[in-house]
S.K.: 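The following block contains the structure, expressed as structure tokens.
Just follow the structure's listing: the first ligand is 1, and inside any ligand the first atom is 1. Numbers for residues simply follow the sequence, beginning at 1.
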Amino acid sequence: MPRVDLLQALGARIVQRERDGLLRRLRAIEAARGSRVLVDARELLNFCSNDYLGLAQHPDVIAALQHAANEFGVGAASAHLVSGHHREHAMLEEELADWTLRERALLFSSGWLANLGAMQALLDRDGVCVQDKLNHASLLDAAKLAGCALKRYQHADVESAARQLASADDAPALLATDGVFSMDGDVAPLRELAALCARKNAALMIDDAHGLGVLGDDGAGSAADAGLTQGDAPVLMATLGKALGCAGAFVAGRRELIYGLTQFARTFVYTTAMPPALAAATRAALRIARNENWRREKLRKLIARFRVGAQQLDLPLTASRTPIQPLVLGDSTRVLHAAAALEERGILAAPIRPPSVPRGSARLRITLSAAHEEADVDGLLDALSGLQRA
Ligand SMILES: *Cc1c(COP(=O)(O)O)cnc(C)c1O
């Protein structure tokens, strides 16, 4: 048998993906102002950004980035443990720990790296990782790369999680869940999962990429919102590229956890530190996210307005109280057509298809932001009702 040519094989998979209506397309945003973006020289109202609090373009955040770049330069120029760790990183870590009511926090350059680093440090082939079926891809891949057993449970089903945990006997166990599910917007049953972990001596890990800044009284996230302490949810991970409008991620927890990650998280040790100017910008974003409650309040009102309007139009809403408000249409082609028709009407909404979501559950993933106005939401609803009539 001749050796298979890898690039030819990749080409064949692309052809198949196109046949299935699942081909993805990279599009360049030419300019961004608030919730408006310029794409193909047309201004569109953006309903697929994760900038939930409208901080990505906040003047204080931009000024902090510029000021720190003047002071430190652009890149960190080495890993944290070499000479890449700056004062801005250290202060951001302190402020993140303080916000999330944890002892310590450790920065990573992205959420992917944070999840992978934490799992590789905590788990090896003797361990087991129990995960919700709808967890983010980075959690699933992290467990695979950690080499532990991976057991997935039915979405948000605590009984199913208990069965998976029980089937792992006495193996050291980490139960990992999204706090807010990224494609559905629902919140995990965190209190019940924490109780299960306490009973079974497993550690609970929450990936709060979509909860931080959005849930909890001062935006401390889904764990705080559920009243879970550091003892209840000992491994807390969240990203800085969503509600905080910056980039990067962190893991927070007890001092011992953070020391351990500093030693053993390979994606922390062997990578260049995030730019110090970005840490400074994130500090500015954190201050606003924590203190300006009106942003969460405004967001809640916009979410409620959208849901009432969507119900009146009989649109297929999910049970979500977060800014993630997907409309599950099912068929990939239908979702592509809907996204294209919305774009005709000046609205950008992401068509999300398998394998990002399970087969038969393709959707328009609509996200709301404090950068939107009521009139924007009304415009979206108008456009959606236009689709129904078309
Ligand atoms: C976005 C996301 C990540 C990855 O974070 P990045 O910083 O974008 O790499 C991880 N988990 C969840 C749930 C996410 O939504």
S.K.: Identify, by atom number and element, the atoms of ligand 1 in contact range of Thr239, meaning under 4.0 Å from any of its heavy atoms.
M.R.: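 Answer for ligand 1: 5 (O), 7 (O).
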
S.K.: Side chains of residues 179-201: which donor-acceptor pairs under 3.5 Å do they make with residues two or more places apart or in other chains?
M.R.:
{"from": "Asp184", "atom 1": "OD1", "to": "Arg363", "atom 2": "NH1", "distance (Å)": "3.3"}
{"from": "Asp184", "atom 1": "OD2", "to": "Arg363", "atom 2": "NH1", "distance (Å)": "3.0"}
{"from": "Asp186", "atom 1": "OD2", "to": "His155", "atom 2": "NE2", "distance (Å)": "2.6"}
{"from": "Arg191", "atom 1": "NH1", "to": "Ala226", "atom 2": "O", "distance (Å)": "2.9"}

S.K.: Could you tell me which atoms of ligand 1, counted from 1 in the order shown, lie closer than 4.0 angstrom to a heavy atom of His210?
M.R.: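 Selected atoms, number and element: 14 (C), 15 (O).
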
S.K.: Give the contacting part of Ser110 toward ligand 1: side chain, backbone, both or neither, where contact means a heavy-atom distance below 4.0 Å.
M.R.: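 Answer for Ser110: both.
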
S.K.: Are any of the N or O atoms of Asp178 closer than 3.5 Å to those of ligand 1?
M.R.: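 In fact, backbone or side chain, Asp178 has no N or O that close.
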
S.K.: Is a donor on one side and an acceptor on the other found under 3.5 Å between the side chain of Arg305 and the backbone of Ile303?
M.R.: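 Looks like no, no N/O pair under 3.5 Å.
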
S.K.: List the residues meeting side chain to side chain contact (heavy atoms under 4.5 Å, CB included) with Asp382, not counting sequence neighbours, and say none if there are none.
M.R.: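 Scan of Asp382 (side chain to side chain contact (heavy atoms under 4.5 Å, CB included), adjacent residues dropped) gives none.
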
S.K.: Pick whichever of Gly111, Ser182, Gly248 has a heavy atom sitting closest to atom 5 (O) of ligand 1.
M.R.: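 Closest candidate by heavy-atom distance is Gly111.
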
S.K.: What's the spacing between Arg163 CZ and Gln154 CD if we round to 0.5 Å?
M.R.: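 Atom-to-atom, Arg163:CZ and Gln154:CD are 8.0 Å apart.
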
S.K.: If every non-hydrogen atom of Val61 is compared with every non-hydrogen atom of Ala284, which pair is closest and at what distance?
M.R.: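 Result for this residue pair: CA-CB, 4.1 Å.
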
S.K.: Do Arg283 and Glu88 meet the salt-bridge criterion of a basic N to acidic O distance under 4.0 Å?
M.R.: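 Arg283 and Glu88: salt-bridged.
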
S.K.: Lys242 versus ligand 1: do any nitrogen or oxygen atoms come within less than 3.5 Å of each other?
M.R.: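 In this structure, Lys242 places an N or O atom under 3.5 Å from an N or O of ligand 1.
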
S.K.: Give the atoms of ligand 1, by number and element, whose distance to some non-hydrogen atom of Asp207 is under 4.0 Å.
M.R.: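 Counting atoms of ligand 1 from 1, those under 4.0 Å from Asp207 are 10 (C), 11 (N), 12 (C), 13 (C).
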
S.K.: Using a strict cut-off of 4.0 Å, indicate which atoms of ligand 1 neighbour a heavy atom of Ser138.
M.R.: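 Within the 4.0 Å cut-off of Ser138, ligand 1 contributes 10 (C), 11 (N).
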
